[in-house]
Number of protein chains: 2
Amino acid sequence: MTPQRASVKDVAAAAGVSVGTVSNVLNRPESVADKTRAKVEKAMEELNFHRNASARQLRAGVSRTVGAIVMDVGNPYYTELARGIEDRLAVDDHTLILCSSDDDPRREARFLRLLAEQGVRGVLVTPMSTTKDRLAALRRLGIPSVLMDSSSSEHAAVGVDHVSGGRQAVAHLLTHGHRRILFLAGPAELQQTRHRLKGAIEAIQTVGLDPSEVLKVITLPALTANDGQQGLIEALGSGWDPTAVFCMNDITALGAMRELRVRGLSVPSDMAVVGYDDLYFAAELMTPLTSVRQPMRQLGWAAADLLLTDTRHDLFEPELIVRASSDFERA
Amino acid sequence: MTPQRASVKDVAAAAGVSVGTVSNVLNRPESVADKTRAKVEKAMEELNFHRNASARQLRAGVSRTVGAIVMDVGNPYYTELARGIEDRLAVDDHTLILCSSDDDPRREARFLRLLAEQGVRGVLVTPMSTTKDRLAALRRLGIPSVLMDSSSSEHAAVGVDHVSGGRQAVAHLLTHGHRRILFLAGPAELQQTRHRLKGAIEAIQTVGLDPSEVLKVITLPALTANDGQQGLIEALGSGWDPTAVFCMNDITALGAMRELRVRGLSVPSDMAVVGYDDLYFAAELMTPLTSVRQPMRQLGWAAADLLLTDTRHDLFEPELIVRASSDFERA
DNA sequence: GGATCTCCATGAATCGATTCACGCGCCGGA
DNA sequence: TCCGGCGCGTGAATCGATTCATGGAGATCC
């Protein structure tokens, strides 16, 4: 068997019509007489015809693929995002090329070049510091882009309200009577850290307390379980005795809970714990973890939607998922 | 500014040469005189030229993108696989289109159609039951495919040796003195379940014991934490008293450990636990989990390598990572 | 019957990169 | 002086789908 693809010309010959008619069947079926259309469709079926996307794009000028560059595809957080993007693209029969920059500007540059060569319809990016200039270069080629999980006034972007996330988490702890709360924070360079801290402070002020007395911040060098554990050790050794800890993410919360177990402190009676991201195993831990869930799938959908239809979307609201680690009644 | 892409024609005009020469600079630079090449390269720089992949592929007939369809991109296991694929493709300057079938034959069919239209260089698939016929149809279009994590004699494939994985896990438990081992297994339809069971039995026979006395199998309806917990409850209620449990994956192990905690049994002294997959949080649990790590990245690399260069690869060896959940000395 | 209109099929031109048969100019050897 | 050979550049033809100006066949109306 010769592995050979049928072209519109082959289909036209088989159906006894012109190539223009075949193209009309594909793109404007209503403008073709029923009988003719049936003939052509039969021929396409028999020849196992698949339209050639390259030729299509070359002539039509528009592509049906979209590129997305995320920090790390290994992170479930970003794959959720990708799923949202893909779901939205499927509606308009587009395809996604998913790339992982790994925080490496060289990888990012390579992917942007490849995407430019592909002539993608647009690019969705979780930005790093070097990103913006490159996107300007893309724009000059007529390729639009959308930033994800980042707010920016100069650039199309979709994001989640981290101020609200911080506020919800801390308000929840305050409601449960906690008056000394530890925040295991990420690096201050991260917009997310600053916003969550802002939300935490707001929550405290809202109930008329003094943030400097209620909240103590420890900045972790990295967001790993070990660093979370070390952060907690540091805090407990300082003489200040928190009754609750709000962690920058679920992994650091895991580390913090490990240290609590080592010391024989129980969760939540001796110490309440709240994480962030609501990773899929948060509910499966020995003590199910209260966490702030971010609507990543919706965020991805919104980013793709913004790209395809220029529809603006508001900041998304994260949602606090309360579980046993911060709530006696569920323990 | 007019967002406009420069074509070879524009570059040729700017450099004062013919389009053929520009193409030669791109594809056979050694056949162009240095001076001419410099002129052309300068013009490309100035015009911010990017070659149009569609036109390129249309004429040249070969594509530089490869499609991969995995069960579930949300699973870190598969994203590792994707990373391996991508790393291999980068070597030959190819791009990856990553698709998630979600175990849904309709989604799979849609992606295969899209990939066929893209005219991809080849397709890498983690197969489901409906896959093989569709791949035959692709082959008729001249698109080769490689199966991942599945062994097959009729089809190009790369896989991991699950017999070895099962053998290693159970041999480890036997070495630590366990003589009543529970296997929380997946559905028997899965090749992986059958292979791991085979390995487990081999390990028992190797030390001269009777598998029917040492091993008890409970088949879980799904591989969730809850089902893992239920499976353990069922086993413990049966009167047979296992001292160790080998779980089909880390998530079910999480569920099993939860039940152990509920009953006040400690790990590993009352019950040793071994998982599978070595998900990234396995080391971060309260009791770090012994697990079987699969070289997913290498598997992805091998799949892409097989596609691009037709290089065969042997079955990959999984590796047992021993941690506190099965080893007193690390507890 | 002729004028007009609608419906629908036609096929040449087009997108941009690649390929290849061809030709020009120059050099060395006879 | 003439010829063969080589190095290098040329430009028309090509890939497959889409578009659109063109026109033919049949229906409708006066």
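Hydrogens, waters and symmetry mates are skipped; everything else that's a heavy atom, side chains included, is used. Within every chain, numbering begins at 1; the chains are lettered A, B, ... in the order of the sequence lines, protein sequences first and strands thereafter.
In this structure, A/L26 places its CG atom 14 Å from P of C/dA9, rounding to the nearest Å. One can place CG of A/N24 at 10 Å from C1' of C/dT10, the figure rounded to the nearest angstrom. For B/R28 and D/dC8, the CZ to P distance is 14 Å, given to the nearest whole Å. C/dG16 atom P lies 15 Å from atom CD of A/E117, rounded to whole Å. We find that CZ of B/R5 is positioned 8 Å from P of C/dA17, with the value rounded to whole Å. Rounding to whole angstrom units, CG of residue A/L58 and P of C/dT14 are separated by 14 Å. Regarding A/R59, its CZ atom lies at a distance of 15 Å from the P atom of C/dA17, rounded to whole Å. Atom CG of A/N52 is separated from atom P of D/dT18 by 10 Å (rounded to the nearest Å).
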(request) Please report the C-alpha distance between A/T65 and A/Q118 in whole Å, then the side-chain angles of each, then the deciding distance to 0.1 Å, and finally whether the side chain to side chain donor-acceptor pair (under 3.5 Å) criterion is met. (result) CA-CA 8 Å; A/T65 75; A/Q118 292 287 333; 5.3 Å; no
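DNA chain C is contacted by B/S7, B/V8 of residues 7-14 of chain B, taking any non-hydrogen atom closer than 4.0 Å. Listed by residue number, B/F49, B/R51 are the residues of residues 30-51 of chain B with a heavy-atom contact under 4.0 Å to DNA chain C.
We find that A/D10 and A/R5 are not joined by a salt bridge, their nearest charged nitrogen and carboxylate oxygen being 4.0 Å or further apart. Comment: B/D93 engages A/R113 in a salt bridge, judged by a side-chain N to carboxylate O separation of less than 4.0 angstrom. The residues B/D103 and B/R107 are annotated as not salt-bridged, no charged nitrogen and carboxylate oxygen being separated by less than 4.0 angstrom.
Projected onto DNA chain D by closest heavy-atom contact, B/A60 and B/G16 fall at different nucleotides, the more 5' of which corresponds to B/G16.
Formation of a donor-acceptor pair under 3.5 Å by the B/S145 side chain with backbone atoms of B/V123 is not found in this model. Checking side-chain atoms of B/T309 against main-chain N and O of B/L306 turns up no donor-acceptor pair under 3.5 Å.
Taking 3.5 Å as the limit, the base of C/dT18 and the side chain of B/R56 contain no donor-acceptor pair of atoms between them.
To the nearest 0.5 Å, atoms SG (B/C99) and CZ (B/R110) are separated by 8.5 Å.
Under the side-chain contact (heavy atoms from CB on, under 4.5 Å) test applied with B/V160, the options B/Q294, B/E317, B/H195 reduce to a single match, B/Q294.
Partners of A/D87 under the salt bridge (Lys or Arg N to Asp or Glu O under 4.0 Å) rule, at least two apart in sequence or in another chain, are A/R83, A/R297.
As judged by a 4.0 angstrom heavy-atom cut-off over every strand, B/V17 is placed among residues touching the sugar-phosphate backbone only.
Considering only side-chain N and O atoms, B/N27 lies under 4.0 angstrom from the phosphate OP1 or OP2 of C/dT18. Side-chain nitrogen and oxygen atoms of A/T21 include none within less than 4.0 Å of the OP1 or OP2 phosphate oxygen of C/dA9.
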